[in-house]
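First up is the structure itself, then whatever we jot down about it.
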Amino acid sequence: MDSDAVKKPKTDRTLKISFIGSGAVNFGGAEGPWDHSKRLEQLGGVEFVAIVDPLVEKARDVLEKKMAGAYAHLYTNCKVLTDYRELLSMGDNKPDAAFIGIPPFCHGSYNNDIELQLVKAGVHVFVEKPISVQPPEEVQPYVEELSRIAKEQGLIVSVAYMFRYHDAINKMKEIITEHGRPLMTIKVSYNCAYAELDHSFWWDVKKSGGPIVEQATHLCDLVRYLGGEVDTSQLTGLAIPASDEPSEVGYLSTVPAVVNEQKVPVNDRIPRLTTAQWKFTNGTVGTLTHGVTLLCQRYEANIDIWADGLRIALEEPYYPECRLRVRRGYTDEEQVYRFPNADPYYKEDEAFLTAVRTGDSSFIKSSYEDAYKTYSLTWAVRQASTTH
Ligand SMILES: NC(=O)c1ccc[n+]([C@@H]2O[C@H](COP(=O)([O-])OP(=O)(O)OC[C@H]3O[C@@H](n4cnc5c(N)ncnc54)[C@H](O)[C@@H]3O)[C@@H](O)[C@H]2O)c1
């Protein structure tokens, strides 16, 4: 169901929201357009009851800034907590929903079962990608148990693959459906601007899962969303490992000093470039390239789709400059679609709140079970391309 569809709400009372993690994805930062708190403030109908982070000073700082801003009234009853378990004994102020935005190794398995405990306690969950860093075969029973309990209790669990809510992706889906012919190839590439990527966990494969599991996961999710399931048995990959030697291809000149990459064991350092190729179950060929290449702040991500009589090129999906170039039918001309006002973060948060209010999970475009399939694909790319 389209998240824009109008449904009669089951509840229109103010929803109590908690943030788990006081970092960039929940409260914004220099690195990109993400910031759930900003979108939730704009959406309204919510109040914030807690910010959970073991880094208490950081969480307090975030709350202080919010209390000085235009939406201070939404934070009047907001507490800073160090452990998510404290949320569950907040009595009348127990959150209806939690936004989990913490390093990947801190959740998503029976060892760190935050989302499972929240669901068991009757809390709706919005959780950031990637869903875990453990091997998929260990994650699978966790996903199954969580999904079963959520269904039994009528709870919403949404995974933050926000591009599924992007107007350009919807347009691509529409064009592919209208074309009606199988795709020949989907080529995706993702180059991150690494010089200001100062989250230490990101540079350690054991903590982030590596750049495919943590970052290119967005494009792995979209190839499934646009092209169907991948036959991972035929998937192959290559990677350029990290190197300390300036003369070698895996050397990076501008890793943020705060990361202190020398402390990460050599085998756990992230690969600098990863490629993979595969066939989808319907015969389409897919290829992926991820690079840790760019300086400054701007990421570059692209999707290139080719079929008999069709070419679709998506450029700059993170930014207002996002373009879709389409050549279809018997013509040399291309149509260019632009999406200056698209805000997939707003749309995914809106869909989540609507699903929570109505109890209708069909507003959610990325369920926990479906996100597990994307997770398995990213893990297959990681395994095929590196020794990690
Ligand atoms: N969808 C997107 O576009 C997008 C963008 C950025 C980040 N993310 C994802 O969001 C997650 C967090 O990334 P970030 O950039 O916000 O990281 P961050 O380092 O800026 O913030 C993470 C915060 O979580 C806190 N934390 C760690 N363990 C915790 C726990 N058990 N309970 C509560 N807080 C805890 C840390 O102290 C830190 O303050 C990652 O999985 C990342 O992939 C997604």
Min side-chain heavy-atom separation [X]-[Y] under 4.5 Å:
X      : Y      : result
Val139 : Tyr372 : yes
Ile312 : Ile175 : yes
Ile270 : Glu214 : no
Cys192 : Leu294 : no
Val292 : Trp202 : yes
Thr254 : Tyr194 : yes
Leu238 : Ser385 : no
Ile100 : Glu115 : yes

May I ask you to say whether [X] pairs ionically with [Y], meaning some side-chain N is under 4.0 Å from a carboxylate O?
X      : Y      : result
Glu315 : Arg338 : no
Asp96  : Arg13  : yes
Arg323 : Glu334 : no
Lys129 : Asp221 : no
Asp83  : Arg85  : yes
Asp370 : Arg224 : yes
Lys65  : Asp61  : yes
Glu178 : Arg328 : yes
Arg60  : Glu57  : yes
Glu152 : Arg148 : yes
Glu333 : Arg327 : no

Only distances under 3.5 Å count here; give the side-chain donor-acceptor pairs of residues 46-55 to other protein atoms, sequence neighbours excluded, each with its distance to 0.1 Å.
{"from": "Glu47", "atom 1": "OE1", "to": "Asn77", "atom 2": "ND2", "distance (Å)": "3.3"}
{"from": "Glu47", "atom 1": "OE2", "to": "Lys16", "atom 2": "NZ", "distance (Å)": "3.4"}
{"from": "Asp53", "atom 1": "OD1", "to": "Leu55", "atom 2": "N", "distance (Å)": "2.9"}
{"from": "Asp53", "atom 1": "OD2", "to": "Ser22", "atom 2": "N", "distance (Å)": "2.9"}
{"from": "Asp53", "atom 1": "OD2", "to": "Ser22", "atom 2": "OG", "distance (Å)": "2.8"}

In this structure, would [X] and [Y] fall into the same cluster of hydrophobic residues linked by side-chain contacts under 4.5 Å?
X      : Y      : answer
Tyr368 : Trp379 : yes
Phe105 : Val213 : no
Ile364 : Val119 : no
Ile102 : Leu146 : yes
Leu87  : Leu74  : no

Do the side chain of [X] and the main chain of [Y] share a donor and acceptor less than 3.5 angstrom apart?
X      : Y      : value
Tyr142 : Leu116 : yes
Arg164 : Lys365 : yes
Tyr319 : Tyr299 : yes
His290 : Arg272 : no

Would you please test Asp12 and Arg357 for salt bridge (charged side-chain N to carboxylate O under 4.0 Å, His left out) and show each step? CA-CA 7 Å; Asp12 56 7; Arg357 287 191 178 289; over 6 Å; no
Among side-chain atoms of [X] and [Y], is any donor-acceptor pair under 3.5 angstrom?
X      : Y      : result
His107 : Asn112 : no
Lys66  : Ser37  : yes
Gln134 : Ser109 : no
Thr354 : Glu350 : no
Glu86  : Tyr84  : no

Just say parallel, tilted or perpendicular for the rings of His166 and Phe163, cut-offs at 30° and 60°.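 It falls in the tilted class, 30° to 60°.
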Neighbour count >12 (heavy atoms, 6.0 Å) for atom [atom1], [X]:
X      : atom1 : value
Lys187 : NZ    : no
Lys79  : NZ    : no
Glu144 : CD    : yes

Where [X] and [Y] come nearest, the two heavy atoms and their spacing:
X      : Y      : value
Gly44  : Leu353 : O-CD1, 4.3 Å
Lys58  : Gly23  : NZ-CA, 3.8 Å
Leu118 : Ala98  : CD1-CB, 4.0 Å

Where do Leu324 and Val336 land on the side-chain contact (heavy atoms from CB on, under 4.5 Å) test, with the steps shown first? CA-CA 6 Å; Leu324 200 57; Val336 180; over 6 Å; no
Walk me through it: do Asp244 and Arg269 pass the test salt bridge (charged side-chain N to carboxylate O under 4.0 Å, His left out)? CA-CA 11 Å; Asp244 291 334; Arg269 293 186 197 165; 3.0 Å; yes
Please determine which of Asp231, Val223, Thr185 meets the side chain to side chain contact (heavy atoms under 4.5 Å, CB included) test together with Phe280.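 By the side chain to side chain contact (heavy atoms under 4.5 Å, CB included) criterion, Phe280 pairs with just one of Asp231, Val223, Thr185: Val223.
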Non-neighbouring partners of Phe352 that pass ring-ring contact (aromatic ring centres under 6.0 Å, His included), sequence neighbours left out: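 So Phe352 forms a ring-ring contact (aromatic ring centres under 6.0 Å, His included) with Phe99, Phe126.
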Would Phe19 and Phe27 count as a ring pair (Phe, Tyr, Trp, His ring centres under 6.0 Å) here? Give the steps. CA-CA 9 Å; Phe19 294 106; Phe27 293 98; 4.8 Å; yes
Does Glu369 form a salt bridge (charged side-chain N to carboxylate O under 4.0 Å, His left out) with Lys151? I'd like the steps, not just the answer. CA-CA 12 Å; Glu369 284 157 309; Lys151 269 189 202 117; 3.2 Å; yes
Give a yes/no verdict on a cation-pi contact between Lys207 and Phe201, requiring under 6.0 Å between NZ or CZ and the six-membered ring centre and an angle within 45° of the axis.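 Here Lys207 fails the 6.0 Å and 45° test against Phe201.
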Qualifying salt bridge (charged side-chain N to carboxylate O under 4.0 Å, His left out) pairs with a residue from residues 283-307, counting only residues at least two apart or across chains: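 Non-adjacent pairs meeting salt bridge (charged side-chain N to carboxylate O under 4.0 Å, His left out): Arg298-Glu316, Arg298-Glu321, Asp304-Arg311.
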Lys38 vs Glu41, salt bridge (charged side-chain N to carboxylate O under 4.0 Å, His left out): CA-CA, chis, key distance, verdict: CA-CA 5 Å; Lys38 185 174 98 180; Glu41 289 160 4; over 6 Å; no
Check: Tyr225 ring centre within less than 6.0 Å of Tyr161 ring centre: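 When the ring centroids of Tyr225 and Tyr161 are compared, they turn out to be at least 6.0 Å apart.
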